[in-house]
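Chain letters run A, B, ... following the sequence lines, proteins first, then strands; residues in each count from 1. Only heavy atoms go into these numbers, but all of them, side chains included; no hydrogens, no water, no symmetry mates. Just so we're clear, the structure is a prediction, and the values are computed from it rather than from any experiment.
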2 protein chains.
Amino acid sequence: MLRISKLTDYATVLLAHLAEDGAGQRTAVELAEWSKIGLPTVSKVLKELQRAGLVVSTRGARGGYSLARSADTISAADILDAVEGPIGLTECSIHPGQCELESNCRVGRTWQRVNLAIHQALADLRLTDLANAEAGAIPELIIRIGPRLTIRSRTESA
Amino acid sequence: MLRISKLTDYATVLLAHLAEDGAGQRTAVELAEWSKIGLPTVSKVLKELQRAGLVVSTRGARGGYSLARSADTISAADILDAVEGPIGLTECSIHPGQCELESNCRVGRTWQRVNLAIHQALADLRLTDLANAEAGAIPELIIRIGPRLTIRSRTESA
DNA sequence: TGGATTCAGGACCATTTTAGTACTAATAAG
DNA sequence: CTTATTAGTACTAAAATGGTCCTGAATCCA
Ligand code: FES
Ligand code: FES
């Protein structure tokens, strides 16, 4: 359904680790060893995260990576966007007006809305929540599809 | 973010057309001409939809395709599942226990939940809604992530 | 200063997925 | 029997993904 690339999963794992207490700064090598992911791959992911501004890096001896901001302020959507880029839902959503089907097709716009809604929901899901999933501390979410539809979440008392 | 393959988009377009008033039965050729999608591709998509039980087909002269059930009872999730298959969110979700990272990784389960939630939301979004998106008739959605989190949608008065 | 460490930026390749095509068989109508 | 139409499947081409490697730049420290 919703497919998350391996790279994104790696990113989440790594970020979650960086978010741990006292993790502070870690080198790519440390992270690779800890995570059992290949070093080049870890490097690549971290570089992307750096470009996206989710982690800060220090070069040179005693360098490494650490979170750019607190885990509270990093959302699942941030991670997705960072690693997978702002990819459109359909071809048409990228080049509007160029699609032959556009006249017939009323769907594009709706998928778009759904996409947007999901994105917004994920924007409310914090790294903290991802990391502590088992603890179950997941906060309230509000999603809005288009001008009319709202999706809202709240914590149920189990 | 959420990426929908072209094929899925085609499927939606075609289904929406079949759902139109008085559409009844259409041949693959008609649908191809109407939609401006290549005939072989249209064929392929329709065959998949047939296998998934979303459309029924009649062979031979005067044959064609039509919806297997009313557009009310076909959900966005059905379409996704039909065309894209029941693909897991991450590698690990498919082969649990085989992943080296599993010990470190607390994320998998959460992504899983998110995925599930989205799927459920989409299960409440009907073909009817997709087809009439512009009319804005989008109903209430309820999403549940795990035992604790609930995402709920409702129609806002604009 | 110079060497060691560590990230930055690409280029690059292998594999998998996706999209699309083609061909043959089956089924039904007339 | 002939024609219309879907079913099944195999195949190819193109793109995305996952992963590697190399070269250069920053930083630290002796
Ligand atoms: S398929 Fe192009 S606009 Fe819907
Ligand atoms: S990456 Fe395999 S369990 Fe999370």
Side-chain angles (χ1 to χ4, degrees), chain A residues 3-11 13-14 18 24-33 35-66 68 80 83-92 94 99-101, chain B residues 1 3-11 13-14 18 24-33 35-66 68 80 83-85 87-92 94 99-101:
Chain A
R3 192 180 12 189
I4 286 199
S5 76
K6 275 193 196 177
L7 279 308
T8 306
D9 193 26
Y10 295 165
V13 173
L14 296 173
L18 284 176
Q25 199 183 42
R26 291 284 155 87
T27 72
V29 175
E30 284 170 333
L31 288 169
E33 276 167 5
S35 67
K36 307 242 181 19
I37 306 170
L39 173 58
T41 304
V42 168
S43 263
K44 186 181 189 175
V45 171
L46 287 169
K47 278 182 270 187
E48 278 166 4
L49 293 176
Q50 191 271 336
R51 255 172 266 164
L54 296 189
V55 302
V56 289
S57 59
T58 335
R59 298 205 220 191
R62 298 201 41 197
Y65 291 93
S66 57
L80 269 301
V83 184
E84 312 207 331
I87 49 183
L89 194 55
T90 63
E91 202 82 350
C92 316
I94 306 175
C99 174
E100 305 247 337
L101 309 179
Chain B
M1 258 288 316
R3 192 181 9 190
I4 286 199
S5 75
K6 274 194 198 177
L7 278 309
T8 307
D9 192 27
Y10 295 164
V13 173
L14 296 174
L18 284 176
Q25 198 182 46
R26 291 285 156 87
T27 72
V29 176
E30 284 170 333
L31 287 169
E33 277 167 5
S35 66
K36 308 244 180 17
I37 306 170
L39 172 58
T41 303
V42 169
S43 264
K44 185 182 190 176
V45 171
L46 287 170
K47 275 181 270 188
E48 277 165 5
L49 293 175
Q50 191 270 335
R51 255 172 265 165
L54 296 189
V55 301
V56 289
S57 59
T58 333
R59 298 206 220 191
R62 296 202 40 199
Y65 291 93
S66 57
L80 269 300
V83 184
E84 313 205 332
I87 50 183
L89 193 54
T90 64
E91 203 82 351
C92 318
I94 306 175
C99 175
E100 305 246 337
L101 308 180

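- Looking at the side chain of A:Lys47, the nearest of the listed nucleotides C:dG9, D:dC28, D:dT6 is C:dG9.
- Within the 4.5 Å cutoff, side-chain heavy atoms of B:Val83 are placed close to those of B:Leu49.
- Here D:dG19 is the nucleotide among C:dA8, D:dG19, D:dC28 with the atom lying nearest to any side-chain atom of A:Thr41.
- Each of B:Val29 and A:Leu7 was assigned the nucleotide of DNA chain D with the nearest heavy atom; the assignment lying further toward the 5' end belongs to B:Val29.
- Using a 4.0 Å cut-off, some side-chain N or O of A:Gln50 falls inside it from OP1 or OP2 of C:dA8.
- Between the CG atom of A:Asp9 and the C1' atom of D:dG19 there is a distance of 16 Å, rounded to whole Å.
- At a threshold of 4.5 Å between non-hydrogen side-chain atoms, the residues B:Tyr65 and B:Lys47 count as touching.
- The side chain of A:Lys6 lies closest to D:dG18 when the candidates are D:dG18, D:dT9, D:dT6.
- B:Gly63 comes within 4.0 angstrom of the backbone, heavy atoms only, and of no base.
- Nearest nucleotide to the A:Pro40 side chain, out of C:dC7, D:dC21, D:dG18: D:dC21.
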Residues B:Leu46, B:Gln50; criterion side-chain contact (heavy atoms from CB on, under 4.5 Å); working and verdict: CA-CA 6 Å; B:Leu46 287 170; B:Gln50 191 270 335; over 6 Å; no
Evaluation steps, side-chain contact (heavy atoms from CB on, under 4.5 Å), between A:Thr41 and A:Leu7: CA-CA 8 Å; A:Thr41 304; A:Leu7 279 308; 4.1 Å; yes
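- As judged by a 4.0 angstrom heavy-atom cut-off over every strand, B:Leu46 is placed among residues making no nucleic acid contact.
- Here D:dA26 presents its P atom at 6 Å from CZ of A:Arg59, a figure rounded to the nearest Å.
- In this structure, B:Arg51 reaches the D:dG8 phosphate: one of its side-chain N or O atoms is under 4.0 Å from OP1 or OP2.
- For A:Leu31 and C:dC7, the CG to P distance is 9 Å, given to the nearest whole Å.
- Distance from the side chain of B:Arg62 is smallest to C:dA29 among C:dG9, C:dT6, C:dA29.
- Residue A:Thr58 is in sugar-phosphate contact alone, with no base atom involved, counting any heavy-atom pair closer than 4.0 Å across all strands shown.
- Phosphate proximity of D:dG19 to A:Tyr10: present, with a side-chain N or O under 4.0 Å from OP1 or OP2.
- For B:Tyr65, counting side-chain heavy atoms from C-beta on, the closest listed nucleotide (D:dT6, D:dG24, D:dG19) is D:dT6.
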Steps toward side-chain contact (heavy atoms from CB on, under 4.5 Å) verdict (A:Ser35, A:Leu14): CA-CA 8 Å; A:Ser35 67; A:Leu14 296 173; 4.2 Å; yes
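- One can place CD of A:Glu48 at 10 Å from P of D:dG18, the figure rounded to the nearest angstrom.
- Distance B:Leu39 CG to D:dA7 C1': 14 Å, rounded to the nearest Å.
- Side-chain proximity of A:Lys44 to D:dT6, D:dG18, C:dT21: nearest is D:dG18.
- The CD-P distance, from B:Glu30 to D:dT5, rounds to 8 Å in whole Å.
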